[in-house]
Every structure is written in structure tokens, then in C-alpha cells.
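Here the structure is laid out as C-alpha cells; the discussion comes afterwards.
Numbers restart at 1 for each chain; the letters A, B, ... are given by sequence-line order, proteins then strands.
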There are 2 protein chains.
Amino acid sequence: MHASPSFASVSTPAILLDEQRLRANCARMAERAAAAGVRLRPHMKTAKSARVAALATAGQFGGITVSTVAELEYFFAAGFADLTYAVGIVPARLPAIEALAMRGARIQVIADSVAAVQGIAGHDAGRGGRLRVLIEIDSGGHRAGVAPDAAALLDIARAIDAAPALQLEGVLTHAGHSYHAQGDAARREIALQERDCALLAAARLRQAGFDVPVVSIGSTPTALTDIPLDGITEIRPGVYMFFDLSQARLGVCSPEDIAVSVLATVIGHQPGHLLIDAGALALSKDISANEYDAGIGYGLVCDEQGRPIDGLYVADVHQEHGFVKASRGSPPFDSLPIGARVRILPNHACMTVAPYRQYLVPRDGGIDSWDKTGGW
Amino acid sequence: MHASPSFASVSTPAILLDEQRLRANCARMAERAAAAGVRLRPHMKTAKSARVAALATAGQFGGITVSTVAELEYFFAAGFADLTYAVGIVPARLPAIEALAMRGARIQVIADSVAAVQGIAGHDAGRGGRLRVLIEIDSGGHRAGVAPDAAALLDIARAIDAAPALQLEGVLTHAGHSYHAQGDAARREIALQERDCALLAAARLRQAGFDVPVVSIGSTPTALTDIPLDGITEIRPGVYMFFDLSQARLGVCSPEDIAVSVLATVIGHQPGHLLIDAGALALSKDISANEYDAGIGYGLVCDEQGRPIDGLYVADVHQEHGFVKASRGSPPFDSLPIGARVRILPNHACMTVAPYRQYLVPRDGGIDSWDKTGGW
């Protein structure tokens with residue numbers, strides 16, 4: 001972290017991070033976890049930043065979730081030693097995981113088939129100890145995981161049990177389909193489904209004689225319902241730290257909660273559009289919020305201070321160019337001359353922040369820089 | 001560049017670069033430029049790599065095109081001193097540009113309005129000398145640029161001429177709409193339009209008494225036609241070095257010319273799909289080739305050696321997960337077990353390669369690593 005002289009000197013495009021909103025979002029999830037009596041293991045695949053992880057884990061037990069080896073290594077180096085790698089494990093990941101375990105990391109991996117377990121059965125359980133494995137459950141998202149009522153669930157547990165270098169840690173699921181819920185009632189239904197699938201899988205494993213210390217669920221839309229979570233031990237939401245237009249349109253937050261925006265500069269005036277220097281790489285090509293509101297395009301446009309400009313949105317993107325249009329009439333050419341700056345609220349924060357090397361955090365009249373990781 | 005022990009040890013996802021195809025693609029564009037009698041100033045926004053730039057400029061005059069300040073600084077440090085920054089100039093870019101000019105860089109910038117020129121009129125013309133400005137012309141893409149027949153064209157030239165620190169270098173256009181041409185005849189029409197708009201603008205400026213040493217056009221689809229380019233001085237294509245599925249479906253190359261692919265690992269088997277560890281960040285959410293062929297999704301799947309597997313494509317992506325489906329029947333679960341590797345041909349190489357920190361180049365039984373830049 002180092003202070004930059006002024007907001008005016010920031011080179012665009014850049015990601016601005018509002019620390020006050022970030023802290024409020026983290027506090028909201030911490031309160032939900034406390035009220036539900038579960039541990040919070042925040043997913044750091046969105047923010048990829050140790051400074052953000054410090055706020056997200058404040059007052060918690062300290063464990064986090066990650067989705068790349070780069071994140072495992074970055075967060076371990078930053079002092080986060082309890083790490084769940086929540087992407088299906090393959091043998092090629094073992095050398096990196098073993099190296100971290102030898103240095104003291106407590107790493108959980110996930111598997112959803114006997115074949116996947118057999119692939120890691122030869123794990124080197126040396127000084128790092130046995131590798132903890134969570135069985136991934138499909139709670140309706142149909143991306144990955146074994147069905148909670150499938151015979152294969154017990155086969156997977158037996159395969160883990162049979163491997164001297166592995167240890168069954170519990171079950172894990174992610175209701176990714178909650179990102180497409182139509183209304184609060186539908187989202188609540190998905191949350192119940194996510195919870196109940198995890199509980200069913202855990203009950204079946206226990207009935208078969210296995211210890212199941214961890215029952216882990218997680219997605220921001222399902223975590224932020226008020227359903228009881230008895231029997232669940234931890235939640236793993238991620239995007240709530242920043243929120244975005246998809247979450248706002250889903251009803252999980254308000255646009256005023258969104259903590260990240262892309263600072264961009266107006267580089268041209270054309271009939272019908274303003275051209276800005278934030279395009280497909282700076283904003284991403286994710287247009288997920290348009291599932292709920294067709295007028296969002298590649299993001300909503302705010303003024304330099306972050307106040308939304310009614311009806312102004314990014315209608316199209318090329319690699320380094322964004323086309324800003326007004327949903328009615330012409331864009332405000334007079335108030336946004338060439339060289340003026342705007343902020344863009346993202347559709348999907350996970351996608352938008354990924355390519356940036358740092359967050360710029362306005363503070364005390366200057367700008368702090370918070371490092372982050374990226375890539376794989 | 002350093003050698004890695006083996007192809008088998010490569011961590012996925014990764015970008016593989018086929019040097020033989022890259023060289024052939026570079027040779028093809030060099031031949032086109034030579035046959036047309038124009039200079040080739042390759043656009044390095046796609047590859048962002050000095051090693052690739054060395055191949056693309058081999059036998060040429062050495063100038064390149066870039067689209068970010070990060071690229072200006074990276075390529076200048078790598079020995080490329082003649083740089084066109086082909087995104088509309090704003091005052092905030094001047095400090096970085098002036099710093100490079102003081103160290104010997106010859107930088108051209110572009111502007112398409114009197115307001116943009118006035119914004120940089122206060123350029124510090126110290127030891128770096130006057131800043132060369134190309135007037136950006138709209139040749140039908142309607143992204144940026146002044147119409148070649150507009151009165152404003154001469155106003156912009158006069159504004160440049162009136163600024164002691166600026167120097168009119170010529171005109172520049174980019175027919176971005178060529179990426180959406182329907183058929184070879186339509187693409188040729190766009191190529192003619194791009195050329196003729198540039199020539200008209202140059203002629204009007206010369207008639208008004210201005211020197212116009214540079215008449216620059218460029219896009220891969222328009223460059224790779226056989227139209228005569230008399231009067232044009234340079235072309236600035238970029239994606240041709242790598243090509244991609246969009247260019248293949250447009251008819252500009254064949255799939256066998258595509259020089260980059262994403263190496264990914266199968267991490268799960270599900271009813272109806274293979275799960276791979278290359279998702280929205282590793283492939284990008286660009287689905288542009290589907291404009292021509294709806295069966296491409298987020299990319300076509302090849303085996304580990306790069307041989308296409310008929311009918312296999314990436315049907316959906318989450319942040320770090322790709323869903324591989326077969327256009328008919330089930331994916332080949334038996335031949336692609338968990339842990340197997342595949343290669344994905346990208347829709348749009350510029351988007352897909354951007355987040356990677358390096359290219360992995362198979363060579364002599366091992367893998368070379370070629371560095372690249374990224375970000376802004």
C-alpha cells in the first residue's frame with residue numbers, strides 16, 4: 001500500500017474501491033453469519049486482495065475460500081493459512097498444494113467422483129499431513145457435484161476413507177443458479193434447496209458411519225436470505241464484499257451498496273455517443289444484469305463522484321473503447337467534455353475487477369493502492 | 001524467456017502459442033504489405049508481447065501500434081521506439097507520453113475533434129520535440145473519427161497547425177465494422193470504403209495546403225483483401241498474428257492458422273458435460289464467432305495436441321469453470337477422463353490472451369515462456 005498524491009492524477013481505466021461501502025457489506029454478511037450461527041469463510045475469488053480479505057475475515061475464524069493456485073499462494077503469503085480450494089481437484093494441482101501444506105497451510109480440496117478421488121489418492125502426505133477433502137454436492141446448479149441422494153456419494157466417501165493420504169472433511173455445495181432467481185421467493189426457494197441438499201448429503205454420510213465435521217454452503221444471493229441454517233457449519237459467499245448490478249437487480253443489495261466502479265475518461269464525442277477509454281478489457285463483456293433490466297448494457301454510468309447519471313449506460317464495447325449512450329435523447333455532451341471522467345458500475349464485479357493489478361481506495365483526500373492477485 | 005522442463009508440467013489454464021503458425025501468419029501479412037507497396041505497422045494490442053512484435057516487424061521499418069500506456073512503456077523498454085498510440089488522446093496521457101519522448105520515443109497520437117486537439121495543445125514540446133498528431137477518420141465504423149468529407153476535418157488540421165507543440169502527421173482510420181462483414185464481397189466493399197475514406201481525407205487536407213505524410217488504414221479483415229492500396233502509406237492490422245475463430249468464420253483464415261489456444265484440464269464429468277478449468281476469465285466472455293456459427297459457444301475444443309474434436313465446444317462458462325458439450329450426443333467421457341487436457345480455440349484472440357502473463361511456446365520437446373504485458 002502506498003499513497004498517491006491525488007484523485008486527479010489517477011490514470012484511467014482504474015478500479016475505485018469505496019472502503020466505507022466495503023466495510024458495510026462485510027459487516028452485513030458477518031451479522032448474517034452470526035445470526036444464523038455459522039462460520040463465515042469468505043470466497044476471495046472476487047476481490048483477490050489480502051487487504052479486502054482482512055476486512056472480510058475480521059472477527060471471523062480466519063478461513064477463506066479461493067479458486068486458483070495463484071490465490072492459494074498469494075493469500076498464504078499474506079498470512080491466510082486455512083484455505084479451501086473450491087474448484088474440482090486434479091492431480092496436477094498437488095505439487096503446489098503439497099508445497100504450501102509443508103509450509104503450514106491447512107488446505108481443503110473438493111471432489112465429486114471416485115475418479116477424482118483416485119486421481120489424488122497418491123498425494124504426498126508427508127509433513128503437510130493428510131489432505132482434507134470435501135465432497136462437492138450438486139444442489140441444483142448442475143455445474144459440478146454429486147447428487148445428495150446418489151449412491152455415488154457413499155462410494156466417494158469410501159474412496160477417500162480408503163486412501164491413507166486423504167481425510168474426509170465434509171460436504172460442500174454452491175447454488176450458482178441463485179444468480180438467476182426470479183424474485184425474492186424464488187431466491188429463498190433456492191436457498192432452502194442449497195441448504196437441504198447439503199444437509200441430506202451430510203446425514204447420509206453420517207448414517208453410513210462417516211464423520212462430517214464441515215457442511216459448507218454458499219453464494220451471496222442464498223446467504224442473504226433469512227432462512228434458518230441449523231446443521232450448516234459455514235457459508236462461503238464472495239461477491240457481497242463489492243456487490244454489483246447483477247446483485248442489485250436480483251434484489252440482494254441496492255446500487256448504493258456497490259463498492260467498486262471503473263474510473264474512465266471521455267475520449268471522444270460522436271453523434272449519439274460518448275466514447276470512453278474503458279472497453280471490453282476494462283469492463284469485461286459480462287452483461288449478466290441485463291437478464292433483469294435490458295437498459296444496463298455493459299454498465300451504468302455515474303459522474304466522477306459516483307452519482308448515477310439517469311439513463312446513461314455503456315451500450316457497446318470494443319477492446320479499449322466504450323460507447324456511452326443515453327436511453328432517451330443524447331448523452332450530456334456539455335457536462336462531459338473530452339477529458340472528463342466518469343465511473344461505471346459493473347454488471348458482475350468478479351469479472352470486471354479481475355484484470356486490474358490494484359484497487360485505488362480514496363482516503364483522506366488522497367488515494368491508497370491495495371494490491372491484489374490475478375491470473376492462475 | 002526461459003525453458004520449462006516439459007509440456008506435461010504446464011499448469012492450466014495457460015495460453016499455448018504455436019510459433020510456426022505465428023511466423024506463417026506474420027509472413028502472410030508482410031507479403032500482402034509488400035505486394036501493396038505499403039508499410040506494415042502491426043498493432044500489438046492483441047499480442048502485447050515483445051517477442052511477437054519482433055516477428056511481426058521482421059523485415060519491416062520497425063514501427064508498431066499500441067492501445068494503452070502500459071503497452072507504450074513496455075514496447076519502448078523492449079526497443080520499439082516508433083509507436084502510434086491509436087486511442088483518442090486526452091491530456092491525462094501527456095505526462096507518460098512526454099516522459100517516453102524525452103527518452104527518445106517517436107510517438108504519434110490521434111485526435112478526431114478540435115476539442116481533443118485543444119486538450120493537448122499545451123503539450124511540453126521540450127527535448128522530446130513536437131508531438132505528432134494523426135487525424136482519426138471515420139470510415140464507416142462509427143466508433144470514432146471525423147467524417148472524411150466534414151468541414152471539421154480542416155478545422156482539426158488548422159488547430160494542430162496553430163499549436164506550436166503539435167505537428168500534423170497525417171490521417172488514420174480503422175474499419176472495425178469489417179469484423180461483421182457478411183461474405184468476402186461485403187468485406188472487400190468495406191476495405192474499399194476504408195481506403196477511400198482515408199484517401200479522401202488526405203486529398204482534402206493536401207488541397208488545403210497541409211502536408212500529409214502518413215495515410216494509415218488497418219484491420220486484419222480489410223488488410224487481407226487484394227484491393228490496390230495506391231496512396232495509402234501504412235496498414236495497422238493486429239489479430240492476424242494469432243487469428244481466431246471469428247477471423248476463420250469471416251473467411252480471413254482457416255482454423256488451422258489459429259496460433260493460440262487455451263490449454264485446460266478436465267476437472268469433472270457430469271451428465272451431458274465435461275467440466276474444465278478454463279472459464280470466463282481464462283477464455284473471456286467474447287462469443288463473437290457465434291455471429292457466423294451458433295455452434296461455437298465460448299470456443300471449440302481440440303485434443304491436447306491441438307487436433308479439433310468434431311462437435312465439441314464450450315457451451316457455458318462460470319468464472320473458473322467451462323462446460324464442454326457435444327453438439328450431438330454425449331461428450332467423449334472415455335477419451336477425456338478427469339485430469340486429461342484439451343485445447344480451446346478462442347472466439348476473439350485479443351480478449352482471450354489479455355489476462356495471461358506469458359505465452360507458452362512448445363519448442364524442441366520443451367516449453368519456452370514469452371513475456372507479455374497487460375493492464376493499463
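Of the possible polar contacts, one joining the B:His273 side chain to the A:Arg143 backbone as a donor-acceptor pair under 3.5 Å is found.
Both the backbone and the side chain of A:Ser67 have a heavy atom closer than 4.5 Å to some heavy atom of chain B. Contact annotation for B:Ala282: both backbone and side-chain heavy atoms come within less than 4.5 Å of a heavy atom of chain A. With a threshold of 4.5 angstrom between heavy atoms, A:Thr12 approaches chain B through its backbone and through its side chain. There is no contact between A:Ala92 and chain B, counting heavy-atom distances below 4.5 Å. For A:Ala14, no part lies under 4.5 angstrom from a heavy atom of chain B. For A:Leu275, the part lying near chain B is the side chain, with the backbone staying farther off; criterion is any non-hydrogen pair under 4.5 Å.
With rounding to the nearest 0.5 angstrom, the OG atom of A:Ser113 is 9.0 Å from the CD atom of B:Gln270. Rounding to the nearest 0.5 Å places CG of A:Leu281 at 10.0 Å from CG of B:Asp286. To the nearest 0.5 angstrom, B:His321 atom NE2 is 8.0 Å from A:His174 atom NE2.
Comparing B:Gly145, B:Pro91, B:Gly176 by how many heavy-atom pairs each has under 4.5 Å with chain A, the most go to B:Gly145. Interface check for chain B: of the options A:Pro13, A:Cys350, A:Gly374, the most heavy-atom pairs under 4.5 Å are formed by A:Pro13. Ranked by non-hydrogen atom pairs under 4.5 Å with chain A, the options B:Asp112, B:Asp277, B:Val266, B:Val90 are led by B:Val90. Between chain B and the residues A:Ala144, A:Gly88, A:Gly339, A:Ala354, the most heavy-atom pairs under 4.5 angstrom are made by A:Ala144. Of the listed residues (A:His269, A:His348, A:Arg93, A:Arg341), the greatest number of heavy-atom pairs within a distance under 4.5 Å of chain B belongs to A:Arg93. Counting heavy-atom pairs under 4.5 Å between each of B:Gly119, B:Pro95, B:Ala96, B:Ala280 and chain A puts B:Ala280 at the top.
The two residues A:Ala116 and B:Ile338 come nearest to each other via the heavy atoms N-CD1, 4.0 Å. Minimum interatomic distance between A:Gly375 and B:Arg357 (heavy atoms only, all atoms of both residues): N-NH2, 4.5 Å.
Counting heavy atoms of neighbouring residues, nucleotides and ligands inside a 6.0 Å radius, atom NZ of B:Lys325 does not exceed 12 of them. Heavy atoms from other residues, nucleotides or ligands lying under 6.0 Å from CG of B:Asp334 number 12 at most.
Using a 4.5 Å cut-off on side-chain heavy atoms (C-beta onward), B:Lys45 and A:Glu320 make no contact. With a 4.5 Å cut-off on side-chain heavy atoms, B:Ser11 and A:Val69 do not count as touching.
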